[in-house]
J.: 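Structure incoming, see below.
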Amino acid sequence: MTRSTVKELLSGEKVNSEVLLKGWVRTRRGNKNVAFIAVNDGTVIHNIQVVADAEKFPEEVLRDVTTGSSISVRGQLVESMGKGQSVEIQASELEVLGTSDPEDYPLQKKGHSFEFLREIAHLRFRTNTFGAVFRIRHALSFAIHNYFNEKGFFYLHTPIITASDAEGAGAMFRVTTLDLDNIPRDDRKKIEFGQDFFGRSTNLTVSGQLEGELGALALSSIYTFGPTFRAENSNTPRHVAEFWMIEPEMAFYDIHDNMDLAEDFLKYLVRYAMEHCADDLEFLNKMVDKELLERLRFIVSNDFVRMGYTEAVEILEKSGKKFEFPVKWGSDLQAEHERYLVEEEFKKPVILTDYPEEIKSFYMKQNEDGKTVRAMDVLFPKIGEIIGGSQREEDYDKLVQRMRSMDVPEEELWWYLDTRRFGTVEHSGFGLGFERLLMFVTGMSNIRDVIPFPRTPKNAEF
RNA sequence: UCCUCAGUAGCUCAGUUGGUUAGAGCGGCGGACUGUUAAUCCGUAGGUCGUAGGUUCAAGUCCUACCUGAGGAGCCA
């Protein structure tokens with residue numbers, strides 16, 4: 001007999017037939033005569049109730065049916081006599097596959113703090129909240145590929161180990177096979193990377209963008225979706241050292257096409273989650289964030305505000321609001337400024353564009369005003385910047401000039417510059433932090449709780 | 001990295017101006033209960049008070065350093 005998942009069983013299609021269930025025990029209730037066992041197999045947030053009459057099973061078998069144990073049950077799927085569930089299994093055979101000592105098993109029926117569950121990240125999948133979060137993580141991963149595939153984008157695998165340290169996107173993790181107890185050094189005490197595995201200094205990638213541009217300038221539209229690494233000592237609920245990023249890059253797109261894509265993409269993903277993860281979202285809305293569903297509905301049904309940086313600064317200056325950091329044209333907006341715009345002024349997502357060139361990266365397209373670049377940041381309620389992107393500078397001379405003034409080593413990026421020498425075209429792209437998106441969609445307030453095994457400073461357990 | 005707060009039973013927490021033998025709820029264990037829904041009721045075990053120093057007749061409580069965690073800031077996604 002083939003196993004039925006809890007998802008299949010709860011759909012009710014197999015009612016009044018013989019079924020086989022395998023899963024993990026969440027709780028057991030009951031008395032001397034009958035045991036009610038809530039079983040979950042992770043296929044869906046709900047448990048199925050197994051009813052075991054004590055007289056049918058040896059005492060030692062029922063005694064081993066404890067929270068956390070794994071069991072196999074054969075029985076009749078029937079309409080439930082009790083309230084709280086529509087169907088249940090009347091067990092005829094029950095086998096404990098793996099016991100779980102209740103003295104040691106750390107998960108109890110009652111809720112735990114997320115901080116505690118982080119310490120047992122290997123077991124937190126077995127809780128309702130993390131089951132829901134990681135099912136949604138899967139669904140959105142799938143939705144991302146779906147979206148781009150339907151639009152004719154190609155999934156491009158950019159390298160995880162890179163030699164360029166020129167992106168300027170943050171501190172990097174060094175990759176080396178040199179013997180750290182005996183590092184080869186030249187006469188001037190400089191490390192001889194020529195002896196290292198790649199014959200040069202290498203790092204884990206902080207972004208696949210530059211390589212992504214190379215792909216787009218041949219394949220038209222590409223996207224990357226992979227891990228990225230930042231060695232920054234950031235200790236906040238919004239940063240991890242290893243995270244997943246989605247970076248579409250499109251030839252023949254200007255900044256407006258780029259914004260249209262970003263908005264459409266985000267709405268698609270939120271809508272996808274609402275359609276495919278309704279049960280999990282409902283649970284999270286009830287247990288984690290009471291305004292979650294309302295916020296998600298709001299996102300898909302409202303246009304994002306689009307506005308230039310300069311205008312945003314004016315609005316902030318006129319707001320009369322006292323900020324901890326003063327608003328000044330030329331300096332980057334602080335978290336409190338962004339929050340004001342999104343949560344108080346407009347009460348919807350905001351896309352800011354045309355930032356001063358001094359605070360943005362070398363590759364962004366320079367505007368005619370000589371002061372600003374065609375950057376775009378998508379700001380979301382609760383989590384702040386969810387997307388950062390830009391139209392890229394396609395003019396060789398302007399790009400080189402900018403690199404020189406920003407001390408970006410052009411000789412290291414000869415391959416990047418080549419795309420501007422040979423058939424350069426207007427193009428654009430952006431980066432979406434996958435975990436930031438998940439925080440928004442799940443309502444979880446700490447990024448460490450939307451990635452299975454978070455990597456943060458001083459923490460690489462599991 | 002900076003600022004603030006926290007660390008007491010397996011979990012979540014209480015513990016007064018420093019003062020006898022450190023408490024509760026949940027969980028665990030034992031028992032009761034003929035269908036339970038985070039079941040209920042009775043009983044019970046369980047503690048190097050984050051670590052190391054210091055002040056004091058006396059430290060869970062005060063001081064210092066460190067470790068860990070959380071929130072805020074910066075960096076950013």
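So that the names make sense, note that chain A is the first sequence line, chain B the second, and so on, each numbered from 1. What you see is a predicted model, and the numbers here were worked out from it, not measured in a lab.
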J.: State which of U36(B), G35(B), C75(B) makes the closest approach to the side chain of Arg238(A).
T.: C75(B)
J.: Which nucleotide sits closest to the side chain of Lys458(A): U68(B), U36(B), A73(B)?
T.: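 Closest nucleotide to the Lys458(A) side chain: U68(B).
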J.: Contact class for Thr228(A) (heavy atom, under 4.0 Å): base, sugar-phosphate, or nothing?
T.: nothing
J.: Take atom P in G71(B) and the same atom in G27(B), then report the distance between them in whole Å.
T.: 28 Å
J.: Need one value for Ala35(A): base, sugar-phosphate or nothing, where a base atom within 4.0 Å counts as base even if backbone is also close, heavy atoms only.
T.: nothing
J.: Does NZ in Lys14(A) sit with more than 12 non-hydrogen atoms of other residues, nucleotides or ligands closer than 6.0 Å?
T.: yes
J.: Between G69(B), C29(B), G74(B), which nucleotide gets closest to the side-chain atoms of Asn459(A)?
T.: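 That would be G69(B).
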J.: Could you measure between the two C1' atoms, the one in C62(B) and the one in G23(B), and give it in whole Å?
T.: 23 Å
J.: How is Met81(A) classified with respect to the nucleic acid when contacts are heavy atoms under 4.0 Å: base, sugar-phosphate, or nothing?
T.: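 Contact class for Met81(A): base.
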J.: Please give the distance between the C1' atoms of A45(B) and G10(B) as a whole number of Å.
T.: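 Their C1' atoms lie roughly 13 Å apart.
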J.: Can you tell me how far C1' in U1(B) sits from the matching atom in U64(B), rounded to whole Å?
T.: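 These two C1' atoms come out 22 Å apart once rounded.
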J.: Determine: side-chain N/O of Arg28(A) to OP1/OP2 of A38(B), distance under 4.0 Å, yes or no.
T.: no
J.: Taking any heavy-atom pair under 4.0 Å as a contact, classify Arg448(A): base, sugar-phosphate, or nothing.
T.: sugar-phosphate
J.: Contact class for Gln90(A) vs. all strands (heavy atom < 4.0 Å): base, sugar-phosphate, or nothing?
T.: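 Base contact.
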J.: Select base, sugar-phosphate, or nothing to describe what Thr67(A) touches, counting heavy atoms under 4.0 Å on all strands.
T.: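 Counting heavy atoms under 4.0 Å across all strands, no contact is made by Thr67(A).
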J.: Please pick, from G35(B), U36(B), C26(B), the nucleotide with the shortest atom-to-atom distance to any side-chain atom of Val51(A).
T.: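 Nearest listed nucleotide: G35(B).
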J.: Touch check for Gly384(A), heavy atoms < 4.0 angstrom, all strands: base, sugar-phosphate only, or nothing?
T.: nothing
J.: Given U36(B), G28(B), A73(B), identify the nucleotide with an atom nearest to the side chain of Ser80(A).
T.: U36(B)
J.: If the cut-off is 4.0 Å, is Arg29(A) near the phosphate of U36(B), judged by side-chain N/O to OP1 or OP2?
T.: no
J.: What about Gln85(A), does its side chain sit under 3.5 Å from the base of U37(B) through a donor-acceptor pair?
T.: yes
J.: So, OP1 or OP2 of U12(B): does either fall under 4.0 Å of a side-chain N or O from Ser113(A)?
T.: yes
J.: Look at all strands and tell whether Phe243(A) reaches a base, only sugar-phosphate, or nothing, counting heavy atoms closer than 4.0 Å.
T.: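 Touches a base.
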J.: Ignoring backbone atoms, test whether Lys32(A) places a side-chain nitrogen or oxygen under 4.0 Å from the OP1 or OP2 oxygen of C33(B).
T.: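 Checking C33(B) against Lys32(A), a side-chain N or O does come within under 4.0 Å of OP1 or OP2.
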J.: Side chain of Lys109(A), heavy atoms from C-beta onward: which of C29(B), C26(B), A38(B) has the nearest atom to it?
T.: A38(B)
J.: Looking only at side-chain atoms of Asn446(A), point me to the closest of U36(B), G27(B), G71(B).
T.: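 Between U36(B), G27(B), G71(B), the one nearest the side chain of Asn446(A) would be G71(B).
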J.: Tell me whether the side-chain N/O atoms of Arg118(A) come closer than 4.0 Å to OP1 or OP2 in A70(B).
T.: yes
J.: Between G15(B) and U55(B), how many Å separate the two P atoms, rounded to a whole number?
T.: 28 Å
J.: More than 12 heavy atoms of other residues, nucleotides or ligands under 6.0 Å from CD of Glu59(A): yes or no?
T.: no
J.: Quick check on G74(B): is either OP1 or OP2 less than 4.0 Å from any side-chain nitrogen or oxygen of Gln334(A)?
T.: yes
J.: Sub-3.5 Å donor-acceptor pair from the side chain of Tyr155(A) to the main-chain atoms of Phe225(A), do we have one?
T.: yes
J.: Just call it for Gln49(A): base, sugar-phosphate, or nothing, with non-hydrogen atoms closer than 4.0 Å on any strand.
T.: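 Base contact - Gln49(A) has a heavy atom under 4.0 Å of at least one base atom.
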J.: Just to be sure I understand the rule, does Asn235(A) reach a base, reach only the sugar-phosphate, or reach nothing, if contact means heavy atoms closer than 4.0 Å?
T.: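 If one applies the 4.0 Å heavy-atom cut-off, Asn235(A) turns out to touch a base.
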J.: For A14(B) and G54(B), measure between their P atoms and round to the nearest Å.
T.: 30 Å
J.: Which nucleotide, A73(B), U36(B), C75(B), lies nearest any side-chain atom of Phe36(A)?
T.: U36(B)
J.: Within the 4.0 Å heavy-atom criterion, would you say Leu432(A) contacts the bases, only the backbone, or no part of the nucleic acid?
T.: nothing
J.: Go through C33(B), U36(B), C11(B) for me and flag the one nearest to the Asn31(A) side chain.
T.: C33(B)
J.: Contact class for Glu55(A) vs. all strands (heavy atom < 4.0 Å): base, sugar-phosphate, or nothing?
T.: nothing
J.: Given G28(B), U12(B), G35(B), identify the nucleotide with an atom nearest to the side chain of Phe116(A).
T.: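 That would be U12(B).
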